[in-house]
Amino acid sequence: MGKLHTSIIQVQAELLNLTYLLAETKPKEDEQQIIPSRALSMAAKCGLALHKKFGGGRNIALAEALAEQKPLTMEDINTMADFFEKFKLDKSEPGWYDPENPSSKWIRWLLMGDESGRQLVVDTKNIIEEGLKDK
C-alpha cells in the first residue's frame with residue numbers, strides 16, 4: 001500500500017497547485033477548453049490500472065480522456081458533476097486506498113479524477129456561473 005498511498009497523497013497535494021488549465025481553442029475564437037490537470041490525470045491512470053486488474057464497468061472512455069489530459073467538453077463536465085453529486089464518499093470503507101483489495105467505489109472515484117476531478121467540476125461550474133452573472 002505504501003507506494004500507491006504515497007502517489008495518491010502526491011496527487012491530492014498537486015490538486016492545490018494544478019486544478020485545471022483553460023486554453024483557447026483555435027477553431028472557435030471565444031470558446032475555451034478545459035484541460036485536466038496532471039494530478040487529475042494521475043488519479044485517473046491509477047483508477048484505470050486498478051480497473052484493468054480488478055475489473056469493473058465497461059464505460060471508461062471519460063476516464064481514459066482524463067488520464068490522457070484530453071480537452072473536456074461541457075458534456076464531460078456534466079457527467080463528472082452528476083457522478084460527484086451522487087457519489088457517497090466514505091474513505092473509511094474497506095478497500096479504500098487498498099491497491100491489493102480495492103473497493104469498487106474507490107476505483108470509480110479514481111476513474112473520475114479523485115478530489116482533483118471533483119474540484120475541477122466545482123471550479124468550472126463557478127466560472128460559468130460568474131460568467132453568466134456578468135452578462
Side-chain angles (χ1 to χ4, degrees):
M1 178 162 62
K3 284 186 179 181
L4 184 58
H5 187 71
T6 301
S7 295
I8 290 176
I9 290 171
Q10 290 170 336
V11 167
Q12 291 175 336
E14 189 175 338
L15 164 67
L16 298 173
N17 295 319
L18 301 171
T19 55
Y20 62 90
L21 292 174
L22 294 174
E24 291 184 25
T25 63
K26 294 187 178 157
K28 298 179 183 177
E29 293 176 25
D30 293 341
E31 194 173 314
Q32 293 183 327
Q33 289 184 332
I34 301 165
I35 309 295
S37 69
R38 185 167 171 253
L40 197 158
S41 171
M42 289 173 57
K45 285 178 183 178
C46 180
L48 286 168
L50 291 171
H51 180 273
K52 183 177 180 180
K53 184 175 180 180
F54 295 98
R58 293 183 214 161
N59 188 5
I60 58 170
L62 178 54
E64 290 171 336
L66 295 173
E68 295 170 16
Q69 291 184 280
K70 291 185 176 179
L72 302 176
T73 65
M74 279 312 297
E75 183 179 342
D76 295 331
I77 295 296
N78 288 331
T79 298
M80 292 172 72
D82 287 344
F83 171 80
F84 289 114
E85 286 171 11
K86 294 174 185 171
F87 190 82
K88 303 295 182 218
L89 181 62
D90 181 5
K91 292 182 180 182
S92 66
E93 175 182 293
W96 203 270
Y97 295 124
D98 183 354
E100 301 305 317
N101 189 22
S103 71
S104 62
K105 284 186 176 183
W106 182 49
I107 294 172
R108 288 195 318 264
W109 176 255
L110 289 170
L111 289 171
M112 282 294 135
D114 194 75
E115 184 60 30
S116 298
R118 190 195 66 74
Q119 192 62 49
L120 173 74
V121 168
V122 168
D123 291 346
T124 302
K125 295 278 185 176
N126 288 340
I127 290 169
I128 290 169
E129 287 174 14
E130 287 300 315
L132 292 175
K133 287 179 187 176
D134 292 341
K135 290 188 177 187

Are [X] and [Y] packed together at the side-chain level, in the sense that at least one heavy-atom pair is separated by less than 4.5 angstrom?
| X | Y | result |
| --- | --- | --- |
| Val121 | Met112 | no |
| Arg118 | Phe87 | no |
| Phe83 | Leu62 | no |

**Study point:** Of all pairs that satisfy salt bridge (charged side-chain N to carboxylate O under 4.0 Å, His left out), the ones with a partner from residues 70-89, not counting sequence neighbours
**Key:**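 Of all non-adjacent pairs touching residues 70-89, those that pass salt bridge (charged side-chain N to carboxylate O under 4.0 Å, His left out) are Glu68-Lys70.
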Would you tabulate the side-chain donor-acceptor contacts of residues 42-55 under 3.5 Å, counting partners in other chains and residues two or more places apart, or write 'none'?
residue, atom, partner, partner atom, Å
His51, NE2, Gly57, O, 2.5

Review point. Do Asp90 and Ser92 get their side chains close enough for a donor-acceptor pair, meaning under 3.5 Å?
Key: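 Yes, side-chain donor-acceptor contact under 3.5 Å.
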Review point. For residues Gln119 and Asp123, is any side-chain donor paired with an opposing acceptor at under 3.5 Å?
Key: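 Looking only at side-chain atoms, Asp123 and Gln119 do form a donor-acceptor pair, the distance falling under 3.5 Å.
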Separation between [atom1] of [X] and [atom2] of [Y], rounded to the nearest 0.5 Å:
| X | Y | atom1 | atom2 | answer |
| --- | --- | --- | --- | --- |
| Arg38 | Gln69 | CZ | CD | 8.5 Å |
| Glu115 | Leu110 | CD | CG | 12.0 Å |
| Ile60 | Ile107 | CD1 | CD1 | 11.5 Å |
| Leu111 | Leu66 | CG | CG | 9.0 Å |

Practice item. Can you sort out the partners of Ile128 under side chain to side chain contact (heavy atoms under 4.5 Å, CB included), two or more places apart, ordered by chain and number? Key: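 Counting only residues at least two positions away or on another chain, Ile128 forms a side chain to side chain contact (heavy atoms under 4.5 Å, CB included) with Met74, Thr124, Leu132.
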Exercise for review: Could you pull out all residues at least two apart from Asn59 that satisfy side chain to side chain contact (heavy atoms under 4.5 Å, CB included)?
Suggested key: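 If we apply the side chain to side chain contact (heavy atoms under 4.5 Å, CB included) test to Asn59, skipping adjacent residues, the hits are Ala61.
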Exercise for review: Describe, in one word, how the ring planes of Trp109 and Phe84 are oriented to each other, choosing from parallel (under 30°), tilted (30 to 60°) and perpendicular (over 60°).
Suggested key: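 Trp109 vs Phe84 ring planes: perpendicular.
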Write down the atom of [X], the atom of [Y], and the distance for their closest heavy-atom approach.
| X | Y | value |
| --- | --- | --- |
| Pro99 | Pro102 | O-CD, 3.8 Å |
| Ala67 | Ser41 | O-OG, 2.5 Å |
| Leu40 | Gly117 | CD1-CA, 3.5 Å |

Point to revise | Residues which pass side chain to side chain donor-acceptor pair (under 3.5 Å) with Glu64, listed by chain and number, not counting sequence neighbours | key: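 Side chain to side chain donor-acceptor pair (under 3.5 Å) list for Glu64, sorted by chain: empty.
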Practice item. Not counting sequence neighbours, which residues clear salt bridge (Lys or Arg N to Asp or Glu O under 4.0 Å) with Arg108? List them please. Key: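 Not a single residue meets the salt bridge (Lys or Arg N to Asp or Glu O under 4.0 Å) criterion with Arg108.
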Review point. So Leu120 and Ile34, side-chain contact (heavy atoms from CB on, under 4.5 Å) or not? Walk me through it.
Key: CA-CA 9 Å; Leu120 173 74; Ile34 301 165; 3.7 Å; yes
